[in-house]
Chemist: 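I'd like to ask some things about the structure below.
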Amino acid sequence: MTATAVPQPLEATDDLLRALQAAGVGPGSPVAVAAAAAGTGLAAAGHTWAVPARLEGVVRRVADQLSPRWVWWSGHDTAAPLVAARVNVTACWDVAAVHRLLHGGSADRPAAVWALSQGLDPAGVPRSGQLDLLSSGDTDEGDPADPVRPDGYLRPDWAEGPLREPAQAARWAALALRLHDEQQPLLRGAVDPRQPPSRPPLAVLTAWSESAAELLAVELQSGGLPLDRDTAVELITGHVGPRPADETAAAASRRERDDVVRRLVTGGADVDLRNPAQVRDMLAGIGFVVPDTRSWRLEPFRGTHPAVDALLSWRKSERIATTYGYGWLDRHVGADGRLRGAWRGCDGAAGRMTAQAGLHNMPAELRPAVVAEPGYVFVRADLGQIEPRVLAAVSADAALARATADPDLYSPVAARLGCDRPTAKVAVLAAMYGQTSGTAGEALKGLDRAYPVAMASLRAADDEGKLGNDVRTYGGRRVPMWVGAGQLDPAVAAARGRFARNAVVQGAAAELFKMWAVTVRAGLTGLGGGDQAQIVLCLHDELLVHVPERRADDVVALLHQTLERTGARWATGSGVRFVADVSVVSRWSDAK
DNA sequence: TTGACCACGTA
DNA sequence: CGTACGTGGTCAAC
């Protein structure tokens, strides 16, 4: 077993290159790598090596010479120093990301990934420094030089790192390679046998792109989103006034904003607008009895009482003041004018990317502050009508696939249903999301007749969800279905059905999007030129690329061309067409 | 201090 | 038309 093999100590990276070549490592061969304080460990093809050189230098040299597929436990750990050192990685295998694909959930730490993939109870994962009261020292503690304990769990001091010696890193890398090897047959089992065969199988392609997406997440986190601080301050000032000098001034400003609303209600002087219960009572006092005070519920009463309008504008400003105000700028915007937050390549459900620091939910009013740097522009692209197109592909519905030939998918659908476009759109969305209210009923029946294959696949997912069974996305992601106590509660069953119905579409769309994004990323590095174009934002179906002005046309072409290639590869033989709206702008808000 | 709930922004 | 996410507020329980 490679995990216990004695790593070969090497003096220099040149020796390593010769050893890797001798082991048959070439372009695309899996080579696992891990960092230790005093060097780097590698594993490939039954060999392990320990090199007394830094990870960045080793990876740079080996990548240049052999361009292998780098295998690591998690891009968050291993790729971060590589990104910081600007080492270009073209192909990787993120064991944790592939684990999440196969198993579902959001595990990223090696201890959890290992336990789950070895069939061990994740609740039993040992922590470092934890005293095992049941076995006070007299049990077999095994060999401390083996990262795996006799009970099968990873040794906490290994799993939580940092590792000291390159020989340790070599064993650690070997373990990652073992997981990589174990994941291969599982991926082959994760594709629906009815899918058109591809080489490599779609789930393996997905594993590649999910791994690259984690790398992209590290890059997004490190690079940040260009933001013009002065514009941001202007916009914030417009909503909540100038930056208060101290806490007293902040409180005064807050009170002033509150009073604009409270003055309009008799006896409202002391109402706490941040307390929904008090707001509800206040509204009742002026004749509006509502179950809750959400904006959409108050919206119909706009214009009937000045306090309602004032409250709704107050809410808008309050959002800016609390979530996207001066504090937000201070916390998340660097001296270089980049807005940075933590990124993840997938969430724990359908697998969309997530971002912190408000990067994924920045209000449209603040978007004018997202400005390209001097000499640069943004190339912005978003996938048009991605979800119904994805549905056509994953369900292999030939009729719906034909509709994707139109740049506006809903117009052929409307023609086929014999209704207007808005009705057709609502019906398609209702089908994908599991409508419970509204009046798309007649059009939904039409959909069943016109696109029975697509509708049946949605219903199948819905049924599985209702039963509490996990579903798999087109690319092979397992979407675990929570099994609650309320199995007999029809409301819970219906919610699970909607969740599953939505997950197979949203999840597959996320997979296609990421495959596109990482293909674009690879294309950008090949673009050449000193100052690099980089992806600075991924927003579910939208890409924002920060590009040197003179490269803008190249990137526009790249976005279209990569989408065509990715779409053809992802939805092999389905005949589904994907479209992107692409524009070149200086401000994010100028697009569309 | 923590977790639930509310509320609201994005897709 | 519903799902998902992240964020910050208050409140009640710890």
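Labels below follow one simple rule: chain letters A, B, ... track the order of the sequence lines, proteins then strands, and each chain is numbered from 1.
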Chemist: Using atom CH2 of A:W328 as one end and atom C1' of B:dG9 as the other, report the distance to the nearest whole Å.
Modeler: 12 Å

Chemist: With a 4.0 Å cut-off, would you call A:R254 and A:E247 a salt bridge?
Modeler: yes

Chemist: When we call it a touch if two heavy atoms are under 4.0 Å apart, what does A:A364 touch: a base, just sugar-phosphate, or nothing?
Modeler: sugar-phosphate

Chemist: Write down the distance between CG (A:L359) and C1' (B:dA11), rounded to a whole number of angstrom.
Modeler: 14 Å

Chemist: If you measure from the Lys or Arg side-chain nitrogens to the Asp or Glu carboxylate oxygens, is any gap between A:R380 and A:D590 under 4.0 Å?
Modeler: no

Chemist: Does A:R338 come within less than 4.0 Å of A:E373, counting only side-chain N to carboxylate O?
Modeler: yes

Chemist: Is the Lys NZ or Arg CZ of A:R416 less than 6.0 Å from the centre of A:Y451's six-membered ring, within 45° of the axis?
Modeler: yes

Chemist: From A:R577 CZ over to A:E564 CD, what is the distance, rounded to the nearest 0.5 angstrom?
Modeler: 8.5 Å

Chemist: To the nearest Å, give me how far apart CD1 (A:I320) and P (B:dG9) are.
Modeler: 9 Å

Chemist: Using atom CG of A:L544 as one end and atom P of B:dA11 as the other, report the distance to the nearest whole Å.
Modeler: 13 Å

Chemist: Taking CG from A:D462 and P from C:dT3, how many angstroms apart are they, rounded to a whole number?
Modeler: 11 Å

Chemist: Mind listing the closest non-hydrogen atom pair of A:L417 and A:A450 along with its distance?
Modeler: CD2-CB, 3.9 Å

Chemist: Any ion pair linking A:R297 and A:D292 (charged N to carboxylate O, less than 4.0 Å)?
Modeler: yes

Chemist: Expressed in angstrom and rounded to an integer, what is the separation of A:K514 atom NZ from C:dA4 atom C1'?
Modeler: 13 Å

Chemist: Would you call the rings of A:W570 and A:Y474 parallel, tilted or perpendicular if under 30° counts as parallel and over 60° as perpendicular?
Modeler: perpendicular

Chemist: Where along nucleotides 5-14 of chain C does protein come under 4.0 Å, by heavy atom, of base (B) or sugar-phosphate alone (S), with - for untouched nucleotides?
Modeler: SBBSSSS---

Chemist: Please report the distance, rounded to the nearest Å, between CG in A:N502 and P in C:dT3.
Modeler: 8 Å

Chemist: Measure from CG on A:D581 to C1' on B:dA11 and round the result to the nearest Å.
Modeler: 16 Å

Chemist: Looking at A:D408 and A:K425, is there a salt bridge between them, counting it only when a charged N and a carboxylate O are closer than 4.0 Å?
Modeler: no

Chemist: Any residue in residues 291-317 of chain A with a heavy atom nearer than 4.0 angstrom to DNA chain C? Just list them by number, or reply none.
Modeler: none

